[in-house]
Amino acid sequence: MSLRFHNTLTQQTQEFQPLEGNLVRMYTCGPTVYDYAHIGNFRTFVFYDILRRWLRLSGYKLDHVMNITDVDDKIIRNATKLGQSLKEYTDTYTKAFLDDCATLRLERPERLARATEHIPQMAAAIKQLEDDGFTYRSDGSIYFRIAKFPEYGKLSHNDFSGIVAGARVDVDEYDKNDARDFALWKAPKPGEFNWDTEIGVGRPGWHIECSVMAVQYLGATLDLHAGGVDLVFPHHENEIAQSEALTGKQFARYWVHSEFLLVDGQKMSKSLGNFYTLRDLFAKGFTPESLRYLLASVPYRKGLNFTFDGLTSSKTAIERLRTFKHRIDSAKLAPGTNDTVAGQAAAAIHQFREAMDDDLNTAEALGAVFEFLREANTSLDAGGFLEGNRAGAQELMNRFEAVFEVLVPAEQAGALPPEEIETLIAARTAAKKGRDFAKADAIRNELLEKGVILEDTKEGVRWKRK
RNA sequence: GGCGCGGUAGCCAAGUGGUAAGGCAAGGGUCUGCAAAACCCUUAUUCGUGGGUUCGAUUCCCACCCGCGCCUCCA
């Protein structure tokens with residue numbers, strides 16, 4: 001079967017088909033750079049990465065835009081407190097975010113779009129919405145009047161027809177006519193960061209940046225729009241209202257949303273002390289690959305309960321995969337092809353693709369890989385795995401790695417150089433040959449203390465980092 | 001209260017109208033100078049609870065319970 005996604009808009013899992021040939025125009029909601037991103041954020045960003053990779057591996061060409069929100073209340077507050085310019089402040093966290101993404105091996109979208117670099121375009125869009133009668137001004141701010149957009153609520157499947165117009169609800173420190181109306185443009189406040197534009201002085205509301213940047217770079221209708229579930233309402237609902245009011249066309253055809261990450265069964269929060277950034281985890285000795293694997297291994301539409309036990313078991317699982325990869329790459333095999341093994345490899349490759357096609361079912365895809373891993377190891381132990389079976393096994397592992405990318409260990413600072421390791425291994429092998437096992441074990445322990453694990457295999461000594 | 005997601009072994013988790021993938025952990029074994037790695041065996045008569053449909057339901061329907069998210073710019 002072909003690629004399917006669960007579309008929030010239709011609440012159904014639908015076959016994915018881009019509007020134009022094999023080009024996928026996609027937009028994903030990126031970070032607000034007011035602090036270091038936490039592992040909950042990265043659950044979603046890893047999901048974007050898996051989504052990108054699988055689309056590419058399915059033969060699609062991507063045009064993917066992700067926003068960097070570099071102006072909002074928190075940013076303004078924090079930057080002001082530090083006496084920094086907006087740019088100075090957000091550059092710090094933008095860089096940290098991009099570094100973290102690289103560490104987690106997340107593919108870069110074709111374009112990153114910063115909100116503050118699109119202020120004139122946002123003003124122009126708001127101007128057009130004003131001209132078309134979708135807005136009103138109140139206390140210097142400009143609001144979108146949802147009463148003018150009857151389809152409001154179609155994404156979150158809420159019925160807003162009962163909202164009483166004229167009710168004044170004090171939300172967000174601004175006055176609105178209708179509880180659900182939202183700010184397109186916020187009135188200037190003294191001492192804050194403001195922009196002087198064709199619609200006046202002030203700063204943009206949160207939602208307008210995504211509508212404007214998406215349409216500017218990708219056109220009126222996107223194939224795919226992704227984000228965390230918490231963005232369904234109001235953010236994405238508002239994006240739809242603005243965008244479709246502007247263009248008169250459907251904004252996005254497939255909406256995909258990732259579920260939340262919990263920590264020890266609870267929402268992550270600083271007050272509970274269960275709030276983690278990547279830096280926190282690496283400081284505890286966990287590797288980027290372990291986190292990447294853990295975040296990727298639970299299908300994106302399922303809540304993910306993060307635990308340190310989970311991280312540890314991910315590490316172990318990765319080790320097993322690495323050992324297997326090494327084995328099929330380096331094993332000395334007898335000539336010929338074992339049809340049974342060949343069939344198992346083909347079945348695994350098939351099942352892997354089927355699972356991923358089914359709304360990115362990474363858990364099932366992993367199941368296919370591990371099942372073959374066990375079958376192949378059994379054959380390898382028994383000598384039934386032949387030279388002609390190598391390519392099929394490698395093909396499966398390559399496909400696995402193309403999606404999950406955890407097999408190559410990250411470079412670790414201060415690690416023992418490979419030359420020194422090889423020297424020690426040679427000394428140990430010599431000691432073993434002389435039946436001096438005490439010395440051999442001493443060398444092995446010395447290496448272990450320096451984070452290097454030895455394995456004596458039929459093909460010789462293999463080492464790996466702890 | 002409204003909308004949405006979910007409740008499967010110690011933990012993570014897939015899945016189907018026909019009788020429960022996979023990973024981790026644990027115990028036993030094979031191999032090894034000892035390890036490590038790898039493999040084998042063992043660990044859910046049962047899939048939140050109660051009804052219903054059916055020859056048969058974990059899978060479909062109804063009700064209920066529990067967890068989580070959104071409904072105040074939080075991925």
Side-chain angles (χ1 to χ4, degrees), chain A residues 6 8 11 28-32 37-48 69 72-74 153 156-160 162 169-173 179-180 182-183 186 205-207 226-235 237-238 257-262 265-269 293-294 297-299 301-307 309-321 323-324 326-327 351 355 358 361-371 373-382 432 435-438 440-441 444-445 448 453-458 461-464:
Chain A
H6 184 88
T8 308
Q11 298 179 292
T28 57
C29 283
T32 299
H38 54 69
I39 55 174
N41 296 316
F42 281 108
R43 204 284 230 246
T44 296
F45 298 131
V46 167
F47 155 57
Y48 297 163
T69 299
D72 89 322
D73 290 344
K74 275 185 287 232
S156 56
H157 307 285
N158 280 310
D159 180 6
F160 293 107
V169 181
D170 186 9
V171 176
D172 200 20
E173 303 164 38
R180 308 289 170 172
F182 57 91
K186 296 183 173 188
W206 174 36
H207 317 292
V229 269
D230 55 323
L231 297 184
V232 172
F233 188 88
H235 184 54
E237 199 72 72
N238 292 349
H257 293 98
S258 58
E259 269 294 335
F260 245 64
L261 175 139
L262 299 176
Q266 292 183 293
K267 182 166 179 171
M268 196 168 31
S269 76
Y293 182 94
L294 178 62
S297 64
V298 178
R301 289 211 306 129
K302 174 138 184 163
L304 191 162
N305 187 23
F306 174 89
T307 62
D309 282 349
L311 260 190
T312 303
S313 64
S314 293
K315 178 185 164 61
T316 310
I318 292 168
E319 277 306 322
R320 191 155 162 237
L321 291 161
T323 300
F324 178 67
H326 181 264
R327 194 174 185 193
Q351 198 191 336
D358 184 12
N361 191 339
T362 48
E364 198 184 340
L366 284 174
V369 172
F370 278 103
E371 203 168 326
L373 182 152
R374 180 172 37 73
E375 291 165 344
N377 268 324
T378 303
S379 308
L380 281 158
D381 281 355
K432 271 179 71 179
R435 315 266 323 152
D436 185 355
F437 294 120
D441 289 352
R444 186 168 66 191
N445 286 334
L448 184 62
I453 297 170
L454 296 192
E455 291 170 15
D456 294 334
T457 72
K458 280 178 195 157
V461 183
R462 183 193 166 208
W463 64 270
K464 64 185 181 185

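Everything quoted here is computed from the prediction, not taken from an experiment. In what follows, every chain begins at residue 1, and chains take the letters A, B, ... in the order their sequences are listed.
Taking 4.0 angstrom as the limit, A:Lys302 places a side-chain polar atom (N or O) nearer than this to OP1 or OP2 of B:G7.
Here A:Glu455 pairs with A:Arg462, A:Lys464 under the salt bridge (charged side-chain N to carboxylate O under 4.0 Å, His left out) rule; sequence neighbours left out. Not counting sequence neighbours, the partners of A:His235 by the side chain to side chain donor-acceptor pair (under 3.5 Å) test are A:His207, A:Glu239. Qualifying side chain to side chain contact (heavy atoms under 4.5 Å, CB included) partners for A:Leu262, counting only residues two or more places apart in sequence or in other chains: A:Asn305. The side chain to side chain donor-acceptor pair (under 3.5 Å) search around A:Thr69 returns A:Asn67, A:Glu209, not counting sequence neighbours. For the side chain to side chain donor-acceptor pair (under 3.5 Å) test, residues two or more places apart in sequence or in another chain that qualify with A:Thr28 are A:His64.
For A:Asn41, the side-chain atoms get nearest to B:C74 when compared with the rest of B:C74, B:G7, B:G69. Nearest to the side-chain atoms of A:Ala317 among the listed nucleotides B:C70, B:A14, B:G23 stands B:G23. Of the candidates B:C70, B:C5, B:A14, the closest approach to any side-chain atom of A:Pro299 belongs to B:A14.
The partner of B:G6, taking Watson-Crick or G-U wobble pairs whose two distances both stay under 3.5 Å, is B:C66. Of all nucleotides present, only B:C71 satisfies the Watson-Crick or G-U wobble test against B:G1, with each distance under 3.5 Å. Under the Watson-Crick or G-U wobble criterion, with both distances below 3.5 Å, B:U53 is left unpaired in every strand shown. B:A26 is paired with B:U42 under the Watson-Crick or G-U wobble criterion, all donor-acceptor distances under 3.5 Å. When both pairing distances are held under 3.5 Å, B:C34 makes no Watson-Crick or G-U pair with any nucleotide shown.
Residue A:Thr44 is classed as a base contact, given a heavy-atom separation below 4.0 Å to a base. A:Pro31 comes within 4.0 angstrom of no nucleic acid atom, judged by non-hydrogen atoms across all strands. Residue contacts for A:Leu261: at a heavy-atom cut-off of 4.0 Å it reaches a base atom on one of the strands shown. When heavy atoms are screened at a 4.0 angstrom cut-off, A:Gly367 is found touching base atoms of the nucleic acid. At a threshold of 4.0 angstrom between heavy atoms, the contacts of A:Phe260 include nucleobase atoms, whether or not backbone atoms are also involved. Contact annotation for A:His38: base contact, defined as any heavy-atom pair under 4.0 Å involving a base atom. At a threshold of 4.0 angstrom between heavy atoms, the contacts of A:Ala363 include nucleobase atoms, whether or not backbone atoms are also involved. Using a 4.0 Å heavy-atom criterion, one finds that A:Gln11 contacts the sugar-phosphate atoms exclusively. As judged by a 4.0 angstrom heavy-atom cut-off over every strand, A:Gly40 is placed among the base-contacting residues.
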Inset, instruction - Could you walk me through whether A:Asp72 and A:Trp206 pass the side chain to side chain contact (heavy atoms under 4.5 Å, CB included) test, one step at a time? - result: CA-CA 7 Å; A:Asp72 89 322; A:Trp206 174 36; over 6 Å; no
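Taking the nucleotide of RNA chain B with the nearest heavy atom to each of A:Ser297 and A:Ser258, the more 5' of the two is matched to A:Ser297. Nearest-nucleotide positions on RNA chain B place A:Val298 closer to the 5' end than the other of A:Gln351 and A:Val298.
For A:Lys267 against B:C74, a side-chain N or O and a base N or O form a donor-acceptor pair under 3.5 Å.
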Inset, instruction - For each nucleotide in nucleotides 32-40 of chain B, reading 5' to 3', give B when a protein heavy atom comes within less than 4.0 Å of its base, S when such contact involves only the sugar-phosphate, and - otherwise. - result: -BBBBSSSS
